[in-house]
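One structure is given below, encoded as structure tokens.
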Amino acid sequence: MRTKPTEIRLLQKALEVFERTTKITAELRGLEVGLDTARRADAVIRIMWQDLEWHFAVEVKTTLTPATLGAAVHQLKKFPEKPILVTKYVTPQVAERLREMDIPFIDTAGNAHVNEPPLYIFIKGNKPALPVRTERPARAFQPTGLQVLFALLCNPDLEDAPFREINRIAKVALGTVGWVMRDLREMGYLINMGKRGRRLIRKDDLLTRWAAAYPEQLRRKLVVGHYETTDVDWWKHATLDNLQAFWGGEVAAALLTKYLKPQTVTIYTKQPVGKLLLKHKIKKNHEGNIEILNVFWDFEFRWPHRELVHPVLIYADLLATGDPRNIETAKIIYERELTRLIRED
């Protein structure tokens, strides 16, 4: 996907501010560099200090929030080259997380982190000159559009099904399917192959964009509430049989990979939560570490783990936390479960 003019301007502005703030030279060396669409950087920049220089593969993110941080970091880690994140503004909270993960970044406010001994830069707390406006995403990455994309990503070849079938399993209006499919064609994710039907392409990039948009555009609308129970490890011996519910997030990842010790318990449910709360002695608590969300799909997952949500959703839930260990676990799930799902035919 071509680097957008707005992203190029953002990158140039960030480089100018970086030079002015640090008195260190930074310059653009090229655009759209990489091996394939999954590992293609938006640009390459060179940072020069004294008689040393470093080259970085750039991922431009117009906006960066704690909820979208995980998706951005995972994309950076796909690059074979040394990566750097460039964005409009990095808050002090996000700057600290990036520093902890040793992820280089620069923004247009003059905040930066580069750890390339003997060069070390860490600047946080600079405010943007103008308020950072969040751009409204394309309709395909708004709530109902994300439901359609989830159905397409989880069900290979569904893009060639009648629109009425897609709207049924995605739980959206029929008209929504039509404009999402048009958006996908315009953005280069869907091609018409004549008698061979429609085909979804660049699925890796589509998954990345879905995972980045899901936390803020759709997930927050699904939350039923937060809860607690006195038994910290209750989920280890709990069952969701006959409750029309599924484990998501950290618990699903722990059951799937045996790599993670969950701090938050995520459950997606199809029915009112009363029976679930009663069975497991769960009580309402706005600060509790149990979160319950509504199911937003209407199809069965094609994999053997019947009590877990689809790995696409586990992956997105983990990235949405911005937690380094969760991001690492998301990478494991991506490599074990998702690469085969999104590979091109």
Side-chain angles (χ1 to χ4, degrees), residues 37-38 67-68 70-75 77-78 137 140-159 161 166 169-172 177 180 184 187 189-190 199-222 245-257 259-260 266-270 291 293-322 326-345:
T37 54
T68 61
V73 170
H74 188 214
Q75 180 64 19
K77 291 188 174 182
K78 294 179 186 177
F141 296 99
Q142 293 175 27
T144 53
L146 290 171
Q147 290 180 226
V148 176
L149 297 186
F150 180 72
L152 296 176
L153 287 168
C154 295
N155 297 277
D157 303 322
L158 179 64
E159 65 270 21
I166 299 174
I169 70 172
K171 296 181 69 173
V172 299
V177 177
V180 169
L184 291 177
M187 291 185 289
Y189 293 114
L190 186 70
R199 181 185 173 199
L200 202 62
I201 61 173
R202 296 173 49 226
K203 288 182 280 189
D204 183 76
D205 184 61
L206 187 61
L207 171 63
T208 298
R209 293 188 65 178
W210 189 89
Y214 172 69
E216 295 185 336
Q217 292 296 316
L218 178 56
R219 193 182 198 277
R220 62 175 61 183
K221 300 177 185 296
L222 304 173
F246 309 87
W247 301 112
E250 295 172 34
V251 167
L255 293 170
L256 191 60
T257 68
Y259 180 74
L260 192 65
T266 301
I267 300 172
Y268 286 84
T269 181
K270 289 184 177 181
E291 57 175 2
L293 300 90
N294 285 318
V295 161
F296 61 93
W297 61 88
D298 192 20
F299 59 92
E300 292 188 3
F301 302 135
R302 300 178 186 176
W303 77 325
H305 308 282
R306 309 306 299 174
E307 287 199 343
L308 310 186
V309 299
H310 195 279
V312 165
L313 190 50
I314 301 172
Y315 171 76
D317 275 344
L318 292 174
L319 293 180
T321 68
N326 285 352
I327 294 172
E328 189 63 30
T329 308
K331 181 182 178 184
I332 294 172
I333 290 172
Y334 175 87
E335 292 171 347
R336 289 185 186 176
E337 305 292 342
L338 297 179
T339 51
R340 57 183 172 77
L341 183 68
I342 60 178
R343 67 177 182 267
E344 301 295 342
D345 295 331

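Taking CD1 from Ile332 and CD1 from Ile327, the interatomic distance works out to 12.5 Å, rounded to the nearest 0.5 Å. Atoms CD1 and CG, on Ile314 and Asn326 in that order, are 12.0 Å from each other to the nearest 0.5 Å. A distance of 6.0 Å separates CD1 of Ile333 from OG1 of Thr257, quoted to the nearest 0.5 Å. How far CG of Asp298 is from CD1 of Ile169: 8.5 Å, rounded to the nearest 0.5 Å. Here OH of Tyr315 is found 5.0 Å from CG of Leu207. Values are rounded to the nearest 0.5 Å. Taken from CZ in Arg202 to OH in Tyr189, the straight-line distance is 4.5 Å, to the nearest 0.5 Å.
Looking at heavy atoms from C-beta onward, Trp303 lies in side-chain contact with Leu256 at the 4.5 angstrom threshold. Contact of the Val312 side chain with the Trp210 side chain is registered, since non-hydrogen atoms from C-beta on lie closer than 4.5 Å. No side-chain heavy atom of Tyr268 sits under 4.5 Å from any side-chain heavy atom of Asn294. Between Leu313 and Tyr214, some side-chain heavy-atom pair lies under the 4.5 Å cut-off. Phe141 is listed as a side-chain neighbour of Leu149, based on a closest heavy-atom distance under 4.5 Å. Proximity of Lys77 to Glu328: side-chain heavy atoms (C-beta onward) are separated by under 4.5 Å at one or more points. When side chains are defined from C-beta on, Ile166 does not count as touching Val180, because their heavy atoms never get closer than 4.5 Å. Looking at Glu159 and Leu184, their side chains never come closer than 4.5 Å, going by heavy atoms from C-beta outward.
Applying the salt bridge (Lys or Arg N to Asp or Glu O under 4.0 Å) criterion to Arg306, with sequence neighbours excluded, gives Glu300.
Ala330 approaches Leu319 most closely through the heavy-atom pair CB-CD2, 3.7 Å. Across all their heavy atoms, Val309 and Gly248 have their closest contact at CG2-CA, 3.8 Å. Between Glu335 and Thr339 the shortest heavy-atom distance is O-OG1, 3.1 Å. Shortest non-hydrogen contact noted between Ala211 and Pro215 is O-CD, 3.1 Å. Nearest heavy atoms, Thr329 versus Tyr259: OG1-CD2, 3.2 Å. In this structure, Ala170 and Gln147 approach most closely via the heavy-atom pair O-NE2, 2.9 Å.
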- [ ] Check the pair Glu291 / Arg219 against salt bridge (charged side-chain N to carboxylate O under 4.0 Å, His left out), numbers first and verdict last.
- [x] CA-CA 11 Å; Glu291 57 175 2; Arg219 193 182 198 277; 2.6 Å; yes
TODO: Evaluate the criterion side-chain contact (heavy atoms from CB on, under 4.5 Å) for residue pair Leu152 and Leu190; output intermediate values, then yes/no.
DONE: CA-CA 11 Å; Leu152 296 176; Leu190 186 70; over 6 Å; no
Open item on the list: What verdict does the side-chain contact (heavy atoms from CB on, under 4.5 Å) test give for Glu307 and Leu255, after you've listed the backbone C-alpha separation in whole Å, the side-chain angles of each residue and the deciding distance to 0.1 Å?
Closed with: CA-CA 10 Å; Glu307 287 199 343; Leu255 293 170; over 6 Å; no
Open item on the list: Walk me through whether Trp247 and Ile267 qualify under side-chain contact (heavy atoms from CB on, under 4.5 Å).
Closed with: CA-CA 5 Å; Trp247 301 112; Ile267 300 172; 3.8 Å; yes
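Using cut-offs of 30° and 60° for the angle between ring planes, the Phe246 and Trp297 rings count as tilted. Between Phe150 and Phe296, the angle of the ring planes lies from 30° to 60°, which puts this pair in the tilted group.
The side-chain contact (heavy atoms from CB on, under 4.5 Å) test with Leu218 singles out one residue from Thr144, Leu293, Leu146, and that residue is Leu146.
Around NZ of Lys221, the count of heavy atoms belonging to other residues, nucleotides or ligands within 6.0 Å does not exceed 12.
Side-chain contact, Thr266 with Asp317: no donor N or O sits under 3.5 Å from an acceptor N or O.
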